[in-house]
Amino acid sequence: MKRIVSLTLIISLLFSSSIQASTWKYYLGLNFGWYEGVEGKVVKNTDSAWTVDVQSIGWGGCYGGQFYKKIKIRKNTKYTLKFTLKSSKMDKWVWVKIGNESGSQMVFGKWVDCKKGKSVTINETFIAKYNSDIITFAFGGDFGDRAGVTTDKDAKVRYKYAPNKKLDGRLPSDYSAEHPTTISLTNFSLSKNHYNKLSSTLIVMEKGNKKTLTLKDAKGKVKWSTNNKKVIRLTKKGKKVVIKAKKTGLATVKAKNKGKIYKCRIMVF
């Protein structure tokens, strides 16, 4: 029983790749009598969800209402972003952005079209082209800045990602600015994908058993090695290696090809 409990704990730690999150910071634009930004009240705020009751979505640009939080995104790393958005009383575009303030270093950008009363679930995987430290959900009135002015760099980036040039213009500006709705985010997660060309990155096997590991799409010679010959024995066959479990313990198998090293963790019980 002790061995099973320990094995379960180790596996859970090895597979834990979700980026740890915190509650969201938010901005609701002030009302200067012209419905500049969003008027509303935040009624829920957790690490994976938020809800805002909106009395007026405003006309001053999508950033007139926003939720944002610090995250750690690293260049040339693969991530999976998941979340569900819903707008209760009106069709609503929500701008999702991972990138710097000017929009010159975009990691991820997407306009999510939330039809009235229906949930939209996003599940997308991407490789980051830049480092970044923030994700923003913007849900203010119009697509452009301040009643459609789009001279700033960030607005040009948003146009690049736009499915059309109207977005919130589906409703007359004088009506949509005052339109109430409840906007909610649920099931948010941003996970780092540990990936390489090996057929497996984690193998759990019983003492005495054998497993085969393959380096996919390898070109030229593959050099196989392990850091614990007491736990496993390797029989090398070009792009493949046969692993025999000798005794209980942990080991790592390395495959070196064209200067790159690929790793697979081995657990023997």
Side-chain angles (χ1 to χ4, degrees), residues 18-29 35 37-71 73 79-99 103 106-126 128 132 134-145 154-155 157-171 175-191:
S18 180
I19 298 173
Q20 294 301 309
S22 58
T23 55
W24 298 77
K25 294 184 179 181
Y26 57 89
Y27 168 77
L28 302 178
Y35 302 102
V38 169
E39 291 182 287
K41 180 181 179 181
V42 176
V43 295
K44 182 177 182 179
N45 188 355
T46 68
D47 62 345
S48 61
W50 50 256
T51 300
V52 55
D53 283 337
V54 176
Q55 282 78 54
S56 167
I57 65 170
W59 54 262
C62 66
Y63 289 122
Q66 56 184 281
F67 279 85
Y68 58 94
K69 73 159 62 180
K70 292 289 184 179
I71 55 174
I73 296 290
Y79 296 90
T80 297
L81 176 63
K82 298 179 183 180
F83 59 84
T84 298
L85 279 170
K86 183 177 181 180
S87 175
S88 64
K89 296 181 180 179
M90 67 177 293
D91 292 350
K92 187 73 192 77
W93 290 99
V94 178
W95 168 237
V96 186
K97 172 186 170 183
I98 302 175
M106 288 293 294
V107 176
F108 180 89
K110 187 177 185 67
W111 286 98
V112 181
D113 190 5
C114 301
K115 298 297 185 182
K116 176 182 176 181
K118 295 183 179 180
S119 297
V120 181
T121 297
I122 302 299
N123 183 345
E124 295 199 15
T125 298
F126 60 89
S132 185
I134 191 169
I135 182 171
T136 302
F137 286 79
F139 51 89
D142 286 341
F143 174 54
D145 276 349
D154 186 81
V157 171
R158 297 197 302 277
Y159 266 117
K160 178 181 177 181
Y161 286 85
N164 60 58
K165 303 303 182 186
K166 294 183 178 180
L167 293 176
D168 279 337
R170 288 176 297 191
L171 295 173
Y175 174 74
S176 61
E178 300 181 42
H179 205 73
T181 188
T182 297
I183 303 173
S184 61
L185 171 84
T186 55
N187 303 319
F188 172 85
S189 69
L190 179 62
S191 301

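If you read the sequence from its start, that first residue is 1, and numbering goes on from there.
A distance of 8.5 Å separates NZ of Lys89 from NE2 of His179, quoted to the nearest 0.5 Å. Put simply, CG on Asn187 and CG on Leu85 are 10.5 Å apart, with the number rounded to the nearest 0.5 Å. Distance check, rounded to the nearest 0.5 Å: CH2 of Trp93 to SG of Cys114 gives 9.0 Å. One finds the NZ atom of Lys82 at 13.5 Å from the OG1 atom of Thr186 (value rounded to the nearest 0.5 Å). In this structure, Ile122 CD1 and Thr80 OG1 are separated by 13.5 Å, a value rounded to the nearest 0.5 Å. Leu81 contributes atom CG, which lies 9.0 Å from atom OG of Ser191 (distance to the nearest 0.5 angstrom).
A donor-acceptor contact shorter than 3.5 Å links the side chain of Lys69 to the backbone of Asp47. With Asp91 contributing its side chain and Lys116 its backbone, the two residues share a donor-acceptor pair below 3.5 Å.
Here the side chains of Ile135 and Phe108 are not in contact, with every heavy-atom distance at 4.5 Å or above. Side-chain contact between Leu185 and Phe67 is absent, with no heavy-atom pair separated by less than 4.5 Å. For the pair Lys92/Val54, no side-chain contact is recorded, criterion being any heavy-atom separation below 4.5 Å from C-beta on. Proximity of Val96 to Val112: side-chain heavy atoms (C-beta onward) are separated by under 4.5 Å at one or more points. Within the 4.5 Å cutoff, side-chain heavy atoms of Ile73 are placed close to those of Leu190. Counting heavy atoms from C-beta on, the side chains of Phe126 and Lys110 never come closer than 4.5 Å. Proximity of Phe139 to Val52: side-chain heavy atoms (C-beta onward) are separated by under 4.5 Å at one or more points.
Closest approach of Gln55 to Gly40, counting heavy atoms only: OE1-CA, 3.2 Å. The two residues Gly64 and Tyr27 have their closest heavy-atom pair at O-CE2, 3.8 Å. When every heavy atom of Val38 is checked against every heavy atom of Gly140, the shortest pair comes out as CG2-CA, 3.7 Å. The shortest heavy-atom contact between Ile134 and Gly99 is CG2-O, 3.7 Å. Between Cys62 and Trp95, the closest heavy-atom pair is SG-CD1, 4.1 Å. Pairing each heavy atom of Thr136 with each of Gln66, the nearest pair is CG2-OE1, 3.8 Å.
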Worked verdict on Asp113 versus Val120 for side chain to side chain contact (heavy atoms under 4.5 Å, CB included) = CA-CA 8 Å; Asp113 190 5; Val120 181; over 6 Å; no
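Taking the six-membered ring for Trp and thresholds of 30 and 60 degrees, Phe188 and Trp24 have ring planes more than 60 degrees apart, a perpendicular arrangement.
Ring pair Phe137/Phe83: centre-to-centre distance below 6.0 Å.
Looking at Ile183, Val42, Thr181, Val43 one by one, the single match for side-chain contact (heavy atoms from CB on, under 4.5 Å) with Asp53 turns out to be Val43.
A 6.0 Å sphere centred on OH of Tyr161 holds more than 12 heavy atoms belonging to other residues, nucleotides or ligands.
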